[in-house]
Amino acid sequence: MNFKRPRGTADILPEDQPYWSHVYAAARKIAAQFGYQRIDTPSFEDTKLFQRGVGDATDIVQKEMYSFEDHGGDSITLRPEGTASVCRAYIENGLHNGPQPVRMFYMAPMFRYERPQAGRVRQHHQFGVETIGDGSPEVDAEIIELGWKYISELGIKGFKLRLNNLGDPEGRADYISDLDRYFTERIDQLPKIDQDRLQRAPLRVLDSKVKETQTLADDAPKSVDYIGGETRDHWDALLALLDNLKSVYTEFSYSVDHRLVRGLDYYNRTVFEYEPADAGSQGTLLAGGRYDPLIGILGGQETPGIGFGSGIERMILEMKKQEVRVEQPEGPEIVVVALGDTGSVAAGLAAGLRAADVSTVLAPKRSIKAQMRYANNLGAANVVILGDREVKQGVAQVKSLAEGGGQSEVSLNAESISSFVRSDENQ
RNA sequence: GUGGCCGUAGUGUAGAGGUUAACACGCUAGGUUGUGGCCCUGGAGGCGAGGGUUCAAUUCCCUCCGGCCACCCCA
């Protein structure tokens, strides 16, 4: 019986790592550019944190969490998303005592017990950002801009931004009851699945995938028509700020989509989503929104917050689809080929070269031809050949593997070889 | 959790109820005396697991596991 990786997990093999490096590098670069600092939180938390933070009624909490009792009898859950943990850390570590707002980002695996599908696995990785402690629309615009810049930096083209405003918890009741009434009056036109949805989560009927429902939803009451006062001002200001972005990022555009809702309970006001040009079924690349009630729900002082999460696997999927070129790692500068009884001399030389910061690999003990082939397959820049003859004379053959590369005899010590390899003579 | 399609070497494919299960790429060993890429020859490596039908199953049936796709939901 052979072991297999658990369902819905993936081995990220060396050949795939260039994509991951590309994504991590872009995330770090853009985060730094916007003044975000990294935070790492534990991979597991008290189960209650997610029940409270994400929402007891959500599917994530209801059926997708990896929860277990540890040996001390505490209920522990593998993190299904990042925001709740970051907010917990903000409260627990008194980050409200520093300059506000606090800008943070994370890159970490998330765990959800789901049926694997295209773009959906049980362990996936997210790059996410959170800005806590400022409720002004400038911050909303900043987060949205950050998302735009990040996806662009990855080399993905043609992605779309949609946004909506869910209002505030107080004002939302009116909206939901009108929405409920609208659909209830047309319940015979709804497919079974959306009739059920209407009972469970009326908002979610809006983003149904059934065409008939979508048509109905187009004329349904719109959340943005129910916001007023400060929420209204916030929204208008945000749209103006986004319009300003168009003069900075020539490609930038957005659309207000009143059918956009989010699955997690903690969102209020601004919600947004980035998706690829030809979105598949699990297409969302990046999604987020404002969560002003969350810190309070988790026991902190009322503190506004906003952020997004983005799936790295989905980004890579899209990058591959669009054939985005990523930087391939370089092979070693030197592969040492040892013949006959020169093994220990070769190993010593390899160590000496590494000590001098020259990347060096010792070829396996095989025929010279096999060792040469090995060096070639590694993409090595040079090969250093040591035979009994060379060792006796205190020299080494240094050969460049570049097309038309030459071969020279260099004295057998790490200094001469490293400087020769890096000199112009070796071209 | 529901539904559809599918599981043959590392990868991509071919195959038939009955001898040694094929091909390509990859890996590996050779192909003049100590020199990679191209070419030639050899070698290793496989029927997802467990039951059942049958004289005989990798092939037919069932279950499980896994993959892909869609729903649910979401990054």
Side-chain angles (χ1 to χ4, degrees), chain A residues 1-10 13 15 23 54 57-64 79-83 106-128 147 151 191-194 196-197 200-201 204 207-210 261-264 273-276 279-288 307-318 331 335 337-340 342 363-364 366-390 397-407:
Chain A
M1 184 56 189
N2 289 321
F3 288 108
K4 288 175 168 176
R5 62 179 178 263
R7 185 169 201 187
T9 63
L13 300 175
E15 61 176 39
V23 172
V54 178
T58 60
D59 274 43
I60 289 185
V61 171
Q62 289 280 309
K63 48 184 209 187
E64 294 182 357
R79 161 183 62 207
E81 60 98 49
T83 302
Y106 57 84
M107 301 186 289
M110 305 294 163
F111 308 88
R112 294 181 198 169
Y113 186 82
E114 303 190 85
R115 189 83 174 262
Q117 196 188 319
R120 199 179 66 188
V121 289
R122 288 184 175 176
Q123 179 182 176
H124 77 280
H125 299 74
Q126 285 191 23
F127 164 57
I151 305 177
K192 174 84 167 61
I193 185 164
D194 286 317
D196 293 346
R197 232 186 231 124
R200 287 204 326 274
R204 301 224 63 105
D207 70 349
S208 170
K209 286 181 181 171
V210 183
V261 294
R262 308 260 64 234
L264 288 67
E273 197 166 294
Y274 283 95
E275 57 181 30
S281 137
Q282 309 294 329
T284 305
L285 293 173
L286 182 155
F308 69 67
S310 73
I312 296 180
E313 282 83 355
R314 286 189 188 172
M315 291 291 181
I316 291 176
L317 233 45
E318 187 62 19
V335 166
V337 169
L339 306 171
T342 63
R366 295 179 191 151
S367 70
I368 182 166
K369 188 168 205 164
Q371 294 191 56
M372 291 295 292
R373 199 182 296 132
Y374 182 77
N376 189 56
N377 288 342
L378 288 191
N382 302 282
V383 120
V384 170
I385 303 165
L386 279 187
D388 295 324
R389 201 162 71 210
E390 281 77 12
Q397 305 296 332
V398 179
K399 178 175 181 170
S400 164
L401 290 186
E403 203 153 335
Q407 179 168 327

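Applying the side chain to side chain contact (heavy atoms under 4.5 Å, CB included) test to A/Pro6 and every residue at least two apart in sequence or in another chain returns A/Thr9. The side-chain hydrogen bond (donor to acceptor under 3.5 Å, both in side chains) check on A/Glu273 picks up A/Arg162, A/Arg262, A/Thr284, with sequence neighbours excluded. Partners of A/Lys63 by side chain to side chain contact (heavy atoms under 4.5 Å, CB included), not counting sequence neighbours, listed by chain and number: A/Asp59. Take A/Arg120 and apply the side-chain hydrogen bond (donor to acceptor under 3.5 Å, both in side chains) test, not counting sequence neighbours, and it matches A/Gln117. With sequence neighbours excluded, no residue satisfies side-chain hydrogen bond (donor to acceptor under 3.5 Å, both in side chains) with A/Gln62. Take A/Lys209 and apply the side-chain hydrogen bond (donor to acceptor under 3.5 Å, both in side chains) test, not counting sequence neighbours, and it matches no residue. With sequence neighbours excluded, the residues that form a side chain to side chain contact (heavy atoms under 4.5 Å, CB included) with A/Ala380 are A/Pro332, A/Val335, A/Ala375, A/Leu401. Scored by the side chain to side chain contact (heavy atoms under 4.5 Å, CB included) test, A/Asp196 finds A/Lys192, A/Arg200 as partners (sequence neighbours excluded).
For B/rC27, the OP1/OP2 oxygens have a side-chain nitrogen or oxygen of A/Asn377 closer than 4.0 Å. Of the side-chain N and O atoms in A/Ser367, none sit less than 4.0 angstrom from OP1 or OP2 of B/rA29.
Side chain A/Gln397 to base B/rU35: no donor-acceptor pair is found below 3.5 Å. For B/rG1, its base never sits under 3.5 Å from the side chain of A/Gln62 at any donor and acceptor pair.
Note on residues 374-390 of chain A: no pairs pass salt bridge (Lys or Arg N to Asp or Glu O under 4.0 Å), not counting sequence neighbours.
In RNA chain B, stems built from 3 or more consecutive Watson-Crick or G-U wobble pairs, each with both distances under 3.5 Å, span B:1-7 with B:65-71, B:10-13 with B:22-25, B:27-31 with B:39-43, B:48-52 with B:60-64.
Note: A/Met315 CE to A/Leu285 CG = 4.5 Å, rounded to the nearest 0.5 Å.
One can place CG of A/Asn382 at 19 Å from P of B/rU35, the figure rounded to the nearest angstrom.
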Practice problem: Summarise how protein sits on nucleotides 67-75 of chain B as a single string, 5' to 3': B when a protein heavy atom is under 4.0 Å from the base, S for sugar-phosphate-only contact, - for no contact. | Solution: S-SBBBBBB
Quiz item: What string of B, S and - do you get for nucleotides 38-44 of chain B, 5' to 3', if B is base contact, S is sugar-phosphate-only contact and - is no contact with any protein heavy atom under 4.0 Å?
Solution: -------
